[in-house]
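Values below: every heavy atom of this structure, side chains too, minus hydrogens, waters and symmetry copies.
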Amino acid sequence: MTGQSRSIQDILMDRLKVTQDIAAANVEHMRLNQKASGMMVLDMKDEEDGVVDEAREVARRQNEAALERSADRINALEGRLSALDAEIDTVMKKEN
């Protein structure tokens with residue numbers, strides 16, 4: 001930026017977009033958690049039956065990695081939201 005502050009409307013529009021992105025990221029994270037839970041149930045059944053499912057093990061590791069990426073994305077978005085809130089606070093203090 002060139003030192004100019006943005007309008008409160010522009011900041012609020014960005015904040016709305018980030019809030020929507022957080023909601024979507026949380027939905028995806030929940031889906032991945034549900035998938036992990038389902039695999040865990042299947043793993044418990046396989047343990048009882050003495051079965052080893054290599055494909056599911058690979059899928060479980062992939063899902064765990066996706067969960068980590070999802071959590072990182074949510075954290076980054078929440079950081080962006082905090083920065084926007086700080087920007088709003090700064091603009092509001094200048095206007096008062």
Side-chain angles (χ1 to χ4, degrees):
M1 292 186 72
T2 59
Q4 290 182 319
S5 60
R6 300 187 308 150
S7 74
I8 194 72
Q9 291 82 11
D10 289 341
I11 301 167
L12 289 173
M13 290 302 295
D14 285 350
R15 189 180 192 287
L16 177 61
K17 173 70 170 101
V18 171
T19 302
Q20 291 170 333
D21 290 346
I22 289 171
N26 277 317
V27 166
E28 175 62 9
H29 197 79
M30 185 184 306
R31 185 190 70 78
L32 292 168
N33 271 323
Q34 289 172 336
K35 184 177 178 180
S37 296
M39 283 190 264
M40 191 182 321
V41 169
L42 292 173
D43 289 343
M44 287 188 295
K45 182 185 179 314
D46 286 350
E47 283 178 20
E48 288 177 4
D49 297 342
V51 175
V52 176
D53 188 338
E54 295 295 329
R56 190 176 315 121
E57 180 62 26
V58 170
R60 186 184 58 74
R61 285 194 302 268
Q62 290 172 337
N63 195 67
E64 286 175 0
L67 273 166
E68 287 182 31
R69 288 189 304 272
S70 176
D72 290 344
R73 175 164 167 66
I74 291 167
N75 288 334
L77 287 166
E78 287 175 347
R80 177 72 179 130
L81 186 65
S82 292
L84 288 166
D85 286 344
E87 190 177 357
I88 290 169
D89 189 49
T90 299
V91 170
M92 295 305 291
K93 286 179 181 175
K94 285 181 182 177
E95 288 182 5
N96 289 329

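The pair Glu28-Arg31 counts as a salt bridge, with a side-chain nitrogen and a carboxylate oxygen less than 4.0 angstrom apart. The pair Glu64-Arg61 fails the salt-bridge criterion, with no side-chain N (NZ, NE, NH1 or NH2) lying under 4.0 Å from an Asp/Glu carboxylate O. A salt bridge is absent between Arg80 and Asp21; no separation between the charged side-chain nitrogens and carboxylate oxygens falls under 4.0 Å.
For the residue pair Ala25 and Arg73, the shortest heavy atom distance occurs at CB-NE, 4.4 Å.
The line from CD1 of Ile74 to NE2 of His29 is 5.5 Å long, rounded to the nearest 0.5 Å. In this structure, the separation between CD on Glu68 and CG on Asp72 is 7.0 Å, given to the nearest 0.5 Å. Between atom CG of residue Asp43 and atom NZ of residue Lys45 there is a gap of 11.5 Å, rounded to the nearest 0.5 Å. Considering NZ of Lys17 and CD of Gln20, their distance stands at 6.5 Å, rounded to 0.5 Å.
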Practice task
Please report the C-alpha distance between Met44 and Val41 in whole Å, then the side-chain angles of each, then the deciding distance to 0.1 Å, and finally whether the side chain to side chain contact (heavy atoms under 4.5 Å, CB included) criterion is met.
Solution key: CA-CA 5 Å; Met44 287 188 295; Val41 169; 4.3 Å; yes
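With hydrophobic clusters built from ILVMFWY side chains whose heavy atoms lie under 4.5 angstrom apart, Leu32 does not share a cluster with Leu42. In this structure, Leu84 is not a member of the same hydrophobic cluster as Leu16, with clusters built from ILVMFWY side-chain heavy atoms closer than 4.5 Å. Val18 and Ile8 fall within a single hydrophobic cluster, where Ile, Leu, Val, Met, Phe, Trp and Tyr are joined by side-chain heavy atoms under 4.5 Å apart, directly or via other members.
Side-chain atoms of Val58 and Glu54, non-hydrogen and from C-beta on, never get closer than 4.5 Å to each other. Met30 has its side chain within reach of Gln34: a pair of non-hydrogen atoms, C-beta onward, lies under 4.5 Å apart. In this structure, the side chains of Asn63 and Leu67 come closer than 4.5 Å at one or more pairs of heavy atoms.
Judged by distance alone, the side chain of Asp89 and the main-chain N or O of Asp85 form no donor-acceptor pair under 3.5 Å. The backbone N or O of Ala66 lies less than 3.5 Å from no partner atom in the side chain of Ser70, so there is not a single donor-acceptor pair. In this structure a side-chain-to-backbone donor-acceptor pair under 3.5 Å is present from Asn26 to Ile22.
In terms of the side chain to side chain donor-acceptor pair (under 3.5 Å) criterion, residue partners of Asp53 (sequence neighbours excluded) are, by chain and number, Arg56.
Considering Lys93, Arg15, Arg6 as possible partners of Ile88, the one that fulfils the side chain to side chain contact (heavy atoms under 4.5 Å, CB included) test is Arg15.
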